[in-house]
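To keep things clear, I will list the structure first and then write my remarks on it.
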Amino acid sequence: VCDADGTYTCTFTFPPLPDENETGTYTVSGNTMTINDSSQGSPETFTIVRSGDTLTLTLSDMFDFTQGVEEAATMVIVLTH
């Protein structure tokens with residue numbers, strides 16, 4: 001949920017891992033959305049595309065799918081109103 005005051009809350013689900021709750025702040029400029037997770041030090045910048053009631057956020061980065069092994073991947077988050 002992105003609130004008008006620039007804060008957000010989100011729950012990520014990665015079965016079989018437990019859900020991950022996140023809160024922080026966000027800014028939008030053009031077709032980018034920068035989120036700053038309250039529990040992490042560096043912000044993440046997503047490319048955003050809005051189509052009707054759907055907002056798609058895309059981030060290419062390094063992810064830890066296997067403990068201790070970083071791999072290049074793309075995260076796509078689809079939000080529907």
Side-chain angles (χ1 to χ4, degrees):
V1 176
C2 294
D3 292 318
D5 66 356
T7 61
Y8 74 93
T9 58
C10 185
T11 300
F12 293 97
T13 304
F14 301 106
L17 300 173
D19 288 354
E20 180 181 320
N21 295 313
E22 180 176 305
T23 62
T25 59
Y26 74 94
T27 58
V28 175
S29 177
N31 69 339
T32 61
M33 177 181 209
T34 301
I35 63 170
N36 194 359
D37 177 359
S38 299
S39 66
Q40 298 196 16
S42 44
E44 297 176 309
T45 300
F46 291 82
T47 300
I48 57 174
V49 175
R50 181 174 176 212
S51 177
D53 287 341
T54 302
L55 181 66
T56 304
L57 295 87
T58 306
L59 169 71
S60 296
D61 204 349
M62 300 298 286
F63 294 92
D64 187 358
F65 294 105
T66 304
Q67 188 173 3
V69 179
E70 294 282 324
E71 300 176 55
T74 300
M75 177 179 9
V76 179
I77 302 170
V78 178
L79 307 166
T80 304
H81 177 62

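Please read these numbers as outputs of a predicted model, since none were measured by experiment.
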Worksheet item: Given the rule in the side chain to side chain contact (heavy atoms under 4.5 Å, CB included) test, do Phe46 and Ile35 qualify, once you have shown the distances and angles that lead to the verdict?
Response: CA-CA 8 Å; Phe46 291 82; Ile35 63 170; 3.5 Å; yes
Worksheet item: What pairs with Thr7 under side chain to side chain donor-acceptor pair (under 3.5 Å), at least two apart in sequence or on another chain?
Response: Asp5
Response to the item:
Heavy atoms of Thr34 and Pro43 approach each other most closely as CG2-CB, 3.7 Å
Fill in: Check: Thr23 main-chain N/O paired with Ser38 side-chain donor or acceptor under 3.5 Å
yes
Worksheet item: With a 4.5 Å limit on heavy-atom distance, are the side chains of Thr74 and Thr58 in contact?
Response: yes
Worksheet item: Are the side chains of Asp64 and Glu71 in touch, meaning some heavy atoms are under 4.5 Å apart?
Response: no
Worksheet item: Within a strict 4.5 Å, meaning less than it, do heavy atoms of the Asp3 and Tyr8 side chains meet?
Response: no
Practice prompt. Check whether any side-chain heavy atom of Asp19 sits under 4.5 Å from a side-chain heavy atom of Phe14, and report yes or no.
Written response: no
Discussion item. Between Ile48 and Thr56, is there a side-chain heavy-atom distance shorter than 4.5 Å?
Written reply: no
Worksheet item: Does a side-chain heavy-atom distance below 4.5 Å link Leu57 with Leu79?
Response: yes
Response to the item:
Rounded to the nearest 0.5 angstrom, the CG-OG1 distance for Leu59 and Thr32 is 12.0 Å
Fill in: Pairwise distance CG(Asp37) to CD(Glu44) - rounded to 0.5 angstrom
7.5 Å
Worksheet item: Once the angle between the rings of Phe65 and Phe63 is folded into 0 to 90°, is it parallel (under 30°), tilted (30 to 60°) or perpendicular (over 60°)?
Response: tilted
Worksheet item: Can you find a heavy atom in the side chain of Met33 that is under 4.5 Å from one in the side chain of Thr47?
Response: no
Worksheet item: What's in the same ILVMFWY side-chain cluster as Val78, cut-off under 4.5 Å, chained through other members?
Response: Val76
Item to complete: Could you check Thr11 against Asn21 for side chain to side chain donor-acceptor pair (under 3.5 Å), going step by step and ending with a plain yes or no?
Response: CA-CA 4 Å; Thr11 300; Asn21 295 313; 2.8 Å; yes
